[in-house]
*Asks:* 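Before anything else, here's the structure in question.
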Number of protein chains: 2
Amino acid sequence: MPRPRFAALDERKRVAILDAAAEEFAHRSFEAASTNRIIARAGVSKGALYYYFDDKADLFATVIESAIGRAERAIGGMASFVDAAGFWAALLDLYRRITTFFAGEPNLAGLLKSAFDDAGVGEIVGLHTARLLAAFRDLLGRGVAVGAVRDDLPLELLARVAFAVGDATDRWLLERWDSLEPGEFEAYPERALLLHMRVLAPIELAEKWERQETAS
Amino acid sequence: MPRPRFAALDERKRVAILDAAAEEFAHRSFEAASTNRIIARAGVSKGALYYYFDDKADLFATVIESAIGRAERAIGGMASFVDAAGFWAALLDLYRRITTFFAGEPNLAGLLKSAFDDAGVGEIVGLHTARLLAAFRDLLGRGVAVGAVRDDLPLELLARVAFAVGDATDRWLLERWDSLEPGEFEAYPERALLLHMRVLAPIELAEKWERQETAS
DNA sequence: GGTGGTTCGACCAGATGGTCTAAATCTATC
DNA sequence: GATAGATTTAGACCATCTGGTCGAACCACC
């Protein structure tokens with residue numbers, strides 16, 4: 001938690017600090033990230049930084065929490081559903097919002113990757129990453145209840161595999177960002193969802209869904 | 001490339017250096033990894049380290065190349081096949097060898113993760129990671145030729161997604177290493193393969209294969 | 001003893017995360 | 001506007017660390 005006084009800081013300065021830190025933490029591991037580079041980029045002094053944060057870990061946790069909070073507010077939740085078809089339609093809608101949001105947040109993917117994958121930061125942001133994973137896991141549990149999600153593997157494993165697949169496809173998209181074909185970005189959520197269905201859905205449902213998609 | 005004299009170094013010292021470096025590079029990003037910690041762990045002097053390697057990047061590249069080479073030699077290649085069933089049976093056999101090898105190499109997963117995911121090391125080890133990816137991609141291409149692998153997505157994307165799925169399931173296995181149920185480790189390659197088939201195979205084939213697995 | 005190879009560790013310039021004193025700025029009151 | 005007190009900011013400083021250099025000591029061999 002930052003010092004309470006951080007919330008009262010002038011907004012422009014607050015954003016400058018958080019953005020500069022997000023940039024640094026998105027491109028380096030926590031350990032390699034440098035507070036000196038952050039203050040230089042943010043245009044504040046060392047003393048000022050430590051006036052608002054206990055230490056580097058406090059700053060990192062604040063950046064992650066802020067980014068996740070912003071994403072959740074912008075993306076919103078998943079619409080309600082009563083059957084498997086409704087589940088996947090609602091998830092596609094969610095993926096569309098996620099993709100749009102991520103497209104406007106160049107550092108978010110790198111930040112989340114750091115938070116999830118850097119073995120050294122579990123103590124700092126583990127609560128946040130666990131919360132995200134738990135939310136997705138619960139969502140999959142609701143999918144199981146309506147027959148939309150397979151029930152032969154642990155939900156925790158499915159959630160992690162889905163996150164990993166999403167990460168791989170996101171990076172594939174980003175690497176070709178400048179050479180995307182017309183309509184490719186708009187089609188991406190649906191393409192990603194099909195891959196997720198492959199992994200997450202009962203296989204018969206995935207097959208049927210794909211057959212319908214191919215026919216239309 | 002290390003200095004040619006490194007190959008003539010006493011084997012115990014050579015292994016000590018490579019193992020110490022592998023340990024450090026497996027647990028930290030390249031930038032955060034410290035040559036001082038490596039020499040302390042290896043029991044050699046700073047001057048000696050730089051007598052054999054140009055710099056930290058040279059050491060890193062050597063460690064990665066050595067690890068990959070060792071893995072390739074121990075795991076071997078994939079058996080030949082003439083049809084889809086043969087492809088997947090041969091891949092399962094390969095996964096078994098991979099799993100066994102990785103179980104005996106605690107640092108290898110972390111090392112490969114560093115090599116693939118650390119955006120800063122592309123110039124250092126990009127040739128090696130590209131080669132691994134290309135090998136898998138070619139293998140998938142041969143799978144396409146016998147109808148074992150789907151042909152509706154780019155092979156590069158499929159290879160990356162498969163790597164990501166493998167990484168997620170590997171980590172899932174490792175985190176529960178001390179509480180694995182009897183037979184769980186032995187069954188892991190087949191479980192992993194089923195997930196890969198979901199992503200890589202034509203959906204009808206994946207469904208048929210799973211039905212057979214469930215029946216037996 | 002001479003030569004070449006190997007190893008050591010002091011040294012270097014620069015960087016790190018965090019501390020702390022003093023100056024600058026802000027706010028409230030008169 | 002002046003003043004006092006509170007808050008914020010700057011940047012020098014600190015101990016420690018970094019990757020890499022280099023002169024000298026050590027070792028093996030002839």
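Excluded from the calculations below are hydrogen atoms, water molecules and symmetry mates; all remaining heavy atoms, backbone and side chain alike, are included. Here is the naming used below: chain letters follow the sequence lines, and residue numbers restart at 1 for every chain.
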*Asks:* Scan for ring pair (Phe, Tyr, Trp, His ring centres under 6.0 Å) pairs involving residues 61-81 of chain B, sequence neighbours excluded, and state none if there are none.
*Replies:* B/F81-B/F87
*Asks:* Going 5' to 3' along DNA chain C, which are the first and last nucleotides with any atom under 4.0 Å from a heavy atom of chain A?
*Replies:* C/dT16 to C/dC20
*Asks:* Would you please classify the geometry between the A/F163 ring and the A/F116 ring as parallel, tilted or perpendicular, with 30° and 60° separating the classes?
*Replies:* perpendicular
*Asks:* Mind checking side chain to side chain contact (heavy atoms under 4.5 Å, CB included) for A/F185 and listing every partner two or more places apart, or none if nothing turns up?
*Replies:* A/T99, A/A103, A/L173, A/W177, A/L180
*Asks:* Using a heavy-atom cut-off of 4.0 Å across all strands, would you classify A/K56 as base, sugar-phosphate, or nothing?
*Replies:* sugar-phosphate
*Asks:* Please check: side-chain N/O of A/R198 versus main-chain N/O of B/A201, any donor-acceptor pairing under 3.5 Å?
*Replies:* yes
*Asks:* I need the minimum non-hydrogen distance between A/A206 and A/M197, along with the two atoms involved.
*Replies:* CB-O, 3.8 Å
*Asks:* Using a cut-off of 4.0 Å on non-hydrogen atoms, how would the nucleic acid contact of B/F53 be classed: base, sugar-phosphate, or nothing?
*Replies:* nothing
*Asks:* When you check the gap from the basic side-chain N to the acidic O, do B/D10 and B/R14 get nearer than 4.0 Å?
*Replies:* no
*Asks:* Are any of the side-chain nitrogens in A/E184 or A/R176 under 4.0 Å away from the carboxylate oxygens of its partner?
*Replies:* yes
*Asks:* Indicate, with a heavy-atom threshold strictly under 4.0 Å, whether A/F6 touches base, sugar-phosphate, or nothing.
*Replies:* nothing
*Asks:* Using a heavy-atom distance cut-off of less than 4.0 Å, which residues of residues 16-35 of chain B contact DNA chain D?
*Replies:* B/A33, B/S34, B/T35
*Asks:* What is the first contacted nucleotide of DNA chain D and what is the last, in 5' to 3' order, if contact means an atom lying under 4.0 angstrom from a heavy atom of chain A?
*Replies:* D/dT7 to D/dG11
*Asks:* List the residues meeting side chain to side chain contact (heavy atoms under 4.5 Å, CB included) with B/H128, not counting sequence neighbours, and say none if there are none.
*Replies:* B/I64, B/E65, B/I68, B/V125, B/R131
*Asks:* Is any NZ, NE, NH1 or NH2 atom of the basic residue among A/E175 and B/R160 found under 4.0 Å from an Asp or Glu carboxylate oxygen of the other?
*Replies:* yes
*Asks:* Does B/R3 make a cation-pi contact with B/Y51, if we ask for NZ or CZ under 6.0 Å from the ring centre and within 45° of the axis?
*Replies:* no
*Asks:* Heavy atoms under 4.0 Å, any strand shown: does B/R3 hit a base, just sugar-phosphate, or nothing?
*Replies:* nothing
